[in-house]
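Some notes on the structure that comes next.
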Amino acid sequence: MSQFFTYAVITATIASAVQYAAPFLLAALGETVGQRSGVLNLGVDGIMLLSAFSCYFVALRTGSDLLGVVVGMLTGAVLGLLTAFMSVTLRAQQGISGIGVYILGLGLSDLLFVRFVGTPLPVSSLPNVSVPGLSRLPALGPMFFQQNWLVYIAFLLVPAVAFFLYRTTYGTRVLAVGENPAAADSVGISVTRTRYATVVFGCTMAGLAGSTLLLLDGIFQENLTQSAGFIAVALVYFGAWRPFGVMTGSLLYGVVTAVVLQWKSLGIIPTSAADLAATAPAVITVLALVVLAGRFKQPSSLGKAYVRGA
Amino acid sequence: MAGTPEVASAGPLLEMRGITKRFPGVLANDNVDFDVRPGEVHALFGENGAGKSTLMHVLYGIHQPDRGTIALGGRPVRIPSPAAAIAMGIGMVHQHFMLVPTLTVAENVSLGLKSSRGPLKDLSRVAARVEELSESYGLRVHPSAKVWQLSVGERQRVEIIKALYRESRLLVLDEPTAVLTPGEVDELFAALRKMASEGCGLVFISHKIREVLGLSDRVTVLRAGRRVATVQAGEVSGEQLAEMMVGRHINREDLTASAVPGRARLSVKGLVVRGDRGTEAVRGVSLEVRAGEIVGIAGVSGNGQRELEEAIAGLRPPAQGSVLVDGAELAGRPSGAVRRAGLGYVPEERMRHGVVGEFSVAENLMLASSNDPALLRRPGFLRRRAVRARARELVAAFDVRTPSLATPVRNLSGGNIQKLIVARELAAQPKVFLVAQPTRGIDVTAARYIHERLRAEAAKGTAVLIVSEDLDEVMTVSTRVLVMYEGRVIGEADPRHTTREAIGLMMAGVVAAGAEPARGPGRELEAAADAEVV
Amino acid sequence: TPAASAAPVLKVALVAPSAVNDLAFTQSMVAALNSLKKAYNLRVTISDNEFVVSDAANLIHQYAAEHYNLVIAHGSQYGSILQQLAPKFPKVSFAWGTAGSTFNQRNIYAYQAASNQGGYVQGYMAGMISKSHVIGVIGPIDVGDAQLYVDGFKAGVLAQDPKATVHVSFTGSFSDVSLMASAAKSYVADGADVLSGSSQSVVGAIGVAKSRNAAWFGTQWVQTSLAPKTVVSSQVYNWVPVLRQMLGRIRVGKLGGETYTINLANGGEKIDFNPGYKLPAKVKAEADKLVSEIAHGSLKVPQ
Amino acid sequence: MVGWAVLPVSALAALAIGAVLILAFGANPITGYRALLNGAFGGSYALASTAQKATPLLLVAAGTCVAVRANVWNIGGEGQIVAGALASTATALALPGLPGWLLVPLVLVVAAAGGALWAGVAGVFKAYFNVNEILSTIMLNLVAVQVMNYLLSGPMVNRSQSFSVTGLIPQTRLLSSRSWLPTLVPGTQLNLGVLVALAVAAAVYVLLWHSGFGFRARAVGLSPEAAAYAGMSVRRTTVNAMLLSGAACGLAGAVLVFGSISHRMVTDGSLTGFTGNDGFNGIVVALFGGLNPAWSVVSAFLFGGLLVGGTAMQGATGVPTDLVTTIEGLVVVFVVSMDFLRTGARLRQEVTERGGDGDLPARARSRSLVLRLARARV
Ligand SMILES: Nc1ncnc2c1ncn2[C@@H]1O[C@H](COP(=O)(O)OP(=O)(O)OP(=O)(O)O)[C@@H](O)[C@H]1O
Ligand SMILES: Nc1ncnc2c1ncn2[C@@H]1O[C@H](COP(=O)(O)OP(=O)(O)OP(=O)(O)O)[C@@H](O)[C@H]1O
Ligand SMILES: [Mg+2]
Ligand SMILES: [Mg+2]
């Protein structure tokens, strides 16, 4: 097989890059919508952890991925209500409340794992679904069209969210609330309801992201996400609050991660350099932020609670 | 428009009876009656804080009245929210624009409304309707333009079109002309009159007596939350209105005696400054302020004044040109350096830029001197006693009314905050004193006090440069007036020999051929006009 | 035995980096201790999931201060702690593994696993059952029994099929399940049909093997229950012989100074075949033959 | 006053939920919490362990106070701890010959420098490139752990490991005993680090409320615009605050190495394996301490006890120490939420104070836990 070596490696690397990107993309898309309405949710990672666990637990007990994903998303939605309640109703400082949710998720997810599962049994990780026709394309097929269904969903959601934000009246309302809540309020748009909606949506997506992450490896462990949620938030800035920008960021991150992991395990990267190579994704993301951050303006009311009568 | 005969014929379009609105500590509206008839323009007139906006916020559902009733077209109504108000055909053009800068005109106009295409936007239809409206009311705007690209005047028009688009029968305009050039004001009034002629009722809030008398049919004067009177606009003079507003006879503040100017202390040469969006906001301004002078920069906001201030103060690096204080080049230096070189600066936005709200009076008084050796013992530790001592002096010297030195300035009144800032800036004994909007939104006595301080400072040989949108203030305080228009100084005048009309023209970009002396008639109106500020 | 239960209680503390039920390193020691409770009248205290080294250090210190008879630091990363603490508590016996040194201190025992032996046998089997002749073996950090196992496994494969491709990598973490999983994935993607790995972080990799139907060889503990159709066999650590010797000596006041090794010969290691996996008879026969050869020393497994 | 009530109430609420969780493990909360209290505060040994655990927490908390007061959200404590630890360890490895009176201060200074450097990067990125510091610091955590693994298995690894069967355990040589932090109470782990932490907390307090720099930092934190108008350099202050914050975290790193039992750096490949999550716990400590270094001392001791006692509780009831993390999270959530009690009141009052017109956004910003706790001192 050595003559196919590079070809096999390249396709496999891209394929897994697309797969790695999926959870980041899902979480980042959700966060994008939330931030467009002016709410900064830093609890994503904690939410992903708790959803990942609930997904794992259900999938383990029922043997159904689908059910696991549904419950994972519900978990996200519930935590979304909590987040919205803190940021919108209680006007809590969004930086801190997010950290709180993160730490809560970090502790509680493993606590529940130890209590209700203990022995780390793997749930069968997601089977790949070949897209009829497309999957048989040379190179492209194995790279993009032999993925599991959650990956397809993640990437289909990109145009969906873009369409929602830019083409629908609801999207316009979200943007208005994020840029000038007072103006939205003055034409009878409920800032509170809008933000609750976007935050709950965002956290549901975080739940989906957590479930995806879980099902990709088929196993839960303490701090499974390893800050994936924070990286997702970074990717929102990276993508300048635009769905396709966020997708680009996620793919970049996925590719770098995949290259490092794959080439390391195939010995293309020597073990001695492996650790340093592993810093690449984070380093590249930060540098990307350095280059991009100045360029784009964030939603004007991002992180600020709205008070009527101002 | 919804000027349906049935409504027009029915008695008053709006009837507010005994409206009382109390905010903790303030009685903003005290048993106020107010009504609007179809086809009339009814002005609300009064000092800052008189309760005009509050009354209208009650009408628009932003606040709920503690007591009182509202009837629309004879039917009593409850207005729980702006949404409800809109549904009842009430429109409001707020004191601060309620537009989303990143969206287009059409999107702003249709924001929050049902779309004919269900969840999808139907911008083409909206755009068509906007074109129609701007056509018939002479309110020129591009439906597809993004709002942030529009001039202040255009944004104003968008607000009106928004109301028209929503087919409001009753339109409230809260200080709509504060930011317009005389020319734009005329266009606005034309549009409003047309609306009135179609049976729409309008409420017009303004501090400008001339406009109130010019536009409205009836005037209701509020003072400290109470209704003083409701009169036919035709039957009162400016003086009478002014006196109703403040409740006593106004004697005019005497104009600044012309000082003998000394040597130039501030000189700006060919200054070019970019605005936030990268466009040139200041396009080659050159000016000079001599010791003992008070130079006033007049102009409608948004013509580059702010960028000019910031460039001089070292908060915005200029693209070109030079700024000299007593001959020392400061263009592009950081604000700290500029201050050390002898510039005192009172920023336009008091709460945001002038003070740290959570800081105590004492802390705010040392805000600009955290490196002042007099307040520090090496290595850089504060000498709190010295800090407090200095604060005590300043508070006394500038008559800052505060419970204590430890009170957070957040809790001080606007006038006292302004006095505190002036005190802090003058304490550094600046060579050049730059003051933006010295008395905006400040009550009579405080404003007087600040004006006197400015004169005293000039008399000491400081070069004073004030920037104000309030023409009357500029003309009262300055020894020399410069007019800024679209980033340039397009004219200069001696306030004692120029009419405000002449300067008003310049503000609109029309350069007057030499300012002619104005004595005799016309001055009277100005006397009243001064009352608005002073 | 009545004699034993009459004997005074021995207080034994175990500090372990992963969970008591990790189906790997920690569980192997926990099982051994429990099986000896009666016979040696042990009172066992266990602190698991102590992967934070400084916290583990404090615990070990605390157990020593509480005069435990034996404090087992079950992880090579704990060695330096014992090196520092043992002299302070001459009356307490310490043990650590897997490692080969007692730091010449008379109250430290060291234990190690000749996991390369079972590794070799399983590698040999892997070579026999692999169709693609691509095989992957993954370790956590290249040290101790993990490294031994990986080396032995690779040697076994190549002994059986010199032309086979054996991918070897270490994730760099004892705990990171998903890193090991992604390594496993890239091997499957490169055609591997047999996988193996060491440490408590293998569960993810086993999951991958299961869902990509590759065969899996386990080590440290019986991993059949994780994937009944996927696991061919597991090399099981049985620390009982080691513990017996230590405890016996502690009873007579000898608190350390010895290094013990479990291997196929002393029964400390054995290959546990998964009855649920249809292993060709000749492969099994071959494996049994190798085990006895290694046990009798007629076959030397390269280190 | 509602204000300070928030903290104890939050704590109690969190512990109550914790009790429910203990029940979920079929254990008795009373027993659990008693074991926890006992393990944390019962007896001198427990107290010493608690104090020792509190040391890095207090250092990180002090750093957090500086940063957050200047409105920089330094979430990178974890990475900065590692940076400080690596820098100081390298120094101790390079200069084993130096006398203790020189070596100990040296490694502490180097650790502070290492942490400051790591944080400074994020500071500069924020000040000059407008990069959200929460994200950059998190990213730098991820980088730090890999750098640690690289150095401890490569350049800094102990090559003479007679004791390991094969391969090299990723750990350094035993550090020169001259570099160890002297123990204060014999028989316990309590060492000089505690005093260093207290000194740092005191210094931060003085710096924040009695120095020109601190004045600027708080001004910039409360209102960057006003600070800039008053001639302060917001960028400079931001970077300075970040540097100081990082330095404190770096010191925590040194304490974890030179105050540890093993007196060397070891990694299991994970970040937490070395830091024990102190980088995050320290932030919780600071928040619970009202972002005031003085109160953080108390708060650090409480949370130190919670963490030490958590292990004891695990022993007694089998409830994993994750319970402690969970309780920490709940505490933060409750503190920010209940903050509303005051926020609401304050808000209504304020709007009254000066018209609906104008600058409400400025005041809306000033309405965070942080800023409300920032009391005028002069
Ligand atoms: N205008 C300023 N804005 C922000 N930071 C400053 C400013 N001036 C000094 N600093 C910083 O404050 C610290 C103290 O040095 P500096 O010379 O500024 O003042 P100092 O009087 O020496 O001490 P202190 O800063 O306590 O006043 C230094 O880190 C310096 O970078
Ligand atoms: N939302 C609010 N909460 C509390 N007090 C308020 C609020 N809005 C206005 N006030 C107070 O009510 C009084 C009337 O305010 P209002 O804005 O109606 O005055 P105004 O006539 O519009 O003044 P201006 O001419 O400056 O616009 C003022 O004392 C103001 O401080
Ligand atoms: Mg008003
Ligand atoms: Mg006003």
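By convention in this document, chain letters (A, B, ...) are assigned in the order of the sequence lines, proteins followed by strands, and residues within each chain are numbered from 1. Quick note: numbers below take in every heavy atom, side chains included, and nothing from hydrogens, waters or symmetry partners.
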* Asked: What is the distance from atom CG of Leu29(A) to atom CG of Leu157(A), rounded to the nearest 0.5 Å?
  -> 6.5 Å
* Asked: What is the distance from atom OH of Tyr60(B) to atom CD1 of Ile79(B), rounded to the nearest 0.5 Å?
  -> 10.5 Å
* Structure fact -> Turns out that what part of Phe163(A) lies under 4.5 Å from chain B's heavy atoms comes down to side chain
Checking heavy atoms, do the side chain of [X], its backbone, both or neither come under 4.5 Å from chain A?
X: Leu120(B); value: both
X: Leu123(B); value: neither
X: Arg117(B); value: neither
X: Leu111(B); value: both

* For the residue pair Val101(A) and Asp45(A), establish whether any side-chain heavy-atom pair is separated by less than 4.5 Å. => no
* Asked: Taking the side chain as C-beta and beyond, is there a heavy-atom pair between Pro82(B) and Ile62(B) under 4.5 Å?
  -> yes
* To do: Walk me through it: do Glu107(B) and Arg173(A) pass the test salt bridge (Lys or Arg N to Asp or Glu O under 4.0 Å)?
  => CA-CA 10 Å; Glu107(B) 285 171 324; Arg173(A) 293 177 187 199; over 6 Å; no
* So which of Ala83(B), Ala87(B), Gly112(B) has the biggest tally of heavy-atom pairs under 4.5 Å with chain A? -> Gly112(B)
